[in-house]
Q: 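The structure is given below, and queries will be raised subsequently.
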Amino acid sequence: MPKIVFLPHQDLCPEGAVLEAKVGETILDVALRNGIEVEHACEKSCACTTCHCIVREGFDSLAESTEDEDDMLDKSWGLEPESRLGCQALVAGDDLVVEIPRYTINHAREH
C-alpha cells in the first residue's frame with residue numbers, strides 16, 4: 001500500500017503525518033479520512049483551488065492533470081511546477097510527499 005507523507009502544516013497537521021493510501025484514492029480523500037481538514041470548497045468537483053497541494057516527491061507517478069485542473073491551478077496561491085489539486089490527484093503505486101500551502105485564495109469557509 002502506498003504511503004503519503006504530509007509535511008507539517010501549522011494549522012492542519014503541525015506534526016506532519018505518514019498515512020496509508022489506496023491506489024486510485026485522491027490525495028484529498030486520504031487527508032480527510034485521517035482527520036487532516038484540507039479545505040475543499042467545491043466539494044471535490046475541480047471548481048476551486050482550496051485543496052491545492054504541492055507534491056514534493058512522487059509527482060511523476062501521478063496521472064497527468066487535465067486541462068480543467070490546469071486552468072484552476074493557474075489561479076492558485078503559491079503555484080509550483082509540482083502543484084496539483086488534491087481532489088484530482090489520484091494515488092498510484094508510489095509513495096508521495098505532499099506539502100499543503102499555508103494560504104489559499106478562498107475568501108469564505110464552508111464550516
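When reading the values below, keep in mind they use all heavy atoms of this one structure, side chains included, and skip hydrogens, waters and symmetry mates. FYI, the numbering just counts along the sequence from 1.
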Q: Looking at every non-hydrogen atom in both residues, tell me the closest pair between Ser83 and Gly78 and how far apart they are.
A: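 Residues Ser83 and Gly78, closest heavy atoms: OG-O, 4.3 Å.
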Q: Would you name the heavy atoms of Pro14 and Pro8 that are closest together and state the gap between them?
A: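 It is O-CB, 3.3 Å.
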Q: Kindly write out the residues that satisfy side chain to side chain donor-acceptor pair (under 3.5 Å) with Arg33, not counting sequence neighbours, or none if the list is empty.
A: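 Checked Arg33 against side chain to side chain donor-acceptor pair (under 3.5 Å); matches are Glu25.
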Q: Which pair of non-hydrogen atoms, one from Cys53 and one from Pro101, has the smallest distance, and what is that distance?
A: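 Scanning both residues completely, I find the closest heavy atoms to be CA-CD, 3.9 Å.
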Q: How many angstroms lie between CD in Glu99 and CG in Leu7, if you round to the nearest 0.5 Å?
A: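 Going from the CD atom of Glu99 to the CG atom of Leu7 covers 6.0 Å.
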Q: Of the non-hydrogen atoms in Asp94 and Ser61, which two are nearest, and what is the gap between them?
A: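 Distance-wise, the nearest heavy atoms are OD2-CB, 3.2 Å.
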Q: According to a hydrophobic-cluster definition based on side-chain heavy atoms being under 4.5 Å apart (Ile, Leu, Val, Met, Phe, Trp, Tyr only), do Val97 and Val30 belong together?
A: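 The answer is no; the residues belong to distinct hydrophobic clusters.
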Q: Report whether Val91 and Ile36 are members of the same hydrophobic cluster (ILVMFWY, side-chain heavy atoms less than 4.5 Å apart, transitive linking).
A: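 As far as the 4.5 Å side-chain criterion goes, Ile36 and Val91 are connected within one cluster.
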Q: Could you work out, with side chain to side chain donor-acceptor pair (under 3.5 Å) as the rule, every residue matching Glu57, not counting sequence neighbours?
A: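 Side chain to side chain donor-acceptor pair (under 3.5 Å) check on Glu57 returns nothing, list empty.
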Q: According to a hydrophobic-cluster definition based on side-chain heavy atoms being under 4.5 Å apart (Ile, Leu, Val, Met, Phe, Trp, Tyr only), do Leu28 and Val55 belong together?
A: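 In one cluster with Leu28: Val55, yes.
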Q: Do you know the tightest heavy-atom contact between Leu90 and Leu62?
A: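 Minimum heavy-atom separation between Leu90 and Leu62: O-CD2, 3.2 Å.
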Q: Please round to the nearest 0.5 Å and tell me the distance separating atom SG of Cys46 and atom CD of Glu67.
A: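 Between atom SG of Cys46 and atom CD of Glu67 there are 11.0 Å.
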Q: First locate atom CD of Glu43, then atom SG of Cys48, and finally report the distance between them rounded to the nearest 0.5 Å.
A: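 The distance works out to 10.0 Å.
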Q: Does Lys44 pair with Asp29 as a salt bridge, N-O distance under 4.0 Å?
A: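 So Lys44 pairs with Asp29 through a salt bridge.
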Q: Determine which pairs satisfy ring-ring contact (aromatic ring centres under 6.0 Å, His included) with at least one residue from residues 62-90, sequence neighbours left out, and list them in order.
A: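 Counting only pairs at least two positions apart or across chains, the ring-ring contact (aromatic ring centres under 6.0 Å, His included) contacts touching residues 62-90 are Trp77-Tyr103.
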Q: Which residues, ordered by chain and number, are linked to Met72 in its hydrophobic cluster, where ILVMFWY side chains connect at heavy-atom gaps below 4.5 Å, directly or through other members?
A: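 Met72 clusters with Leu73, Leu79, Leu85.
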Q: For the atom pair SG (Cys13) and CD1 (Ile100), what is the distance rounded to the nearest 0.5 Å?
A: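 Answer for the SG-CD1 pair, Cys13 versus Ile100, is 5.0 Å.
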Q: Show me the pairs that pass ring-ring contact (aromatic ring centres under 6.0 Å, His included) and involve residues 41-74, at least two apart or across chains.
A: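 Matches after skipping sequence neighbours: none remain.
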Q: Do you know the tightest heavy-atom contact between Thr26 and Gly86?
A: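 Closest heavy-atom pair between Thr26 and Gly86: CB-O, 3.3 Å.
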Q: Nearest 0.5 Å, please: how far is CD in Glu82 from CZ in Arg56?
A: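 It is 6.5 Å, given to the nearest 0.5 Å.
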Q: I'd like to know whether Leu32 forms a side chain to side chain contact (heavy atoms under 4.5 Å, CB included) with Glu37, so could you lay out the CA-CA distance, the side-chain angles of the two residues, the decisive distance to 0.1 Å, and finally the verdict.
A: CA-CA 6 Å; Leu32 294 174; Glu37 295 297 322; 4.1 Å; yes
Q: Any pair with a residue in residues 7-28 that passes ring-ring contact (aromatic ring centres under 6.0 Å, His included), sequence neighbours left out, goes on the list, sorted by first then second residue, please.
A: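 Sorted result for residues 7-28: empty, none.
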Q: Roughly how far, to the nearest 0.5 Å, is the CD1 atom of Ile4 from the CD atom of Glu20?
A: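 Rounded to the nearest 0.5 Å, the CD-CD1 separation comes to 11.0 Å.
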Q: Are any of the side-chain heavy atoms of Asp11 and Arg102 separated by less than 4.5 Å?
A: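 Result yes, sub-4.5 Å side-chain heavy-atom pair found.
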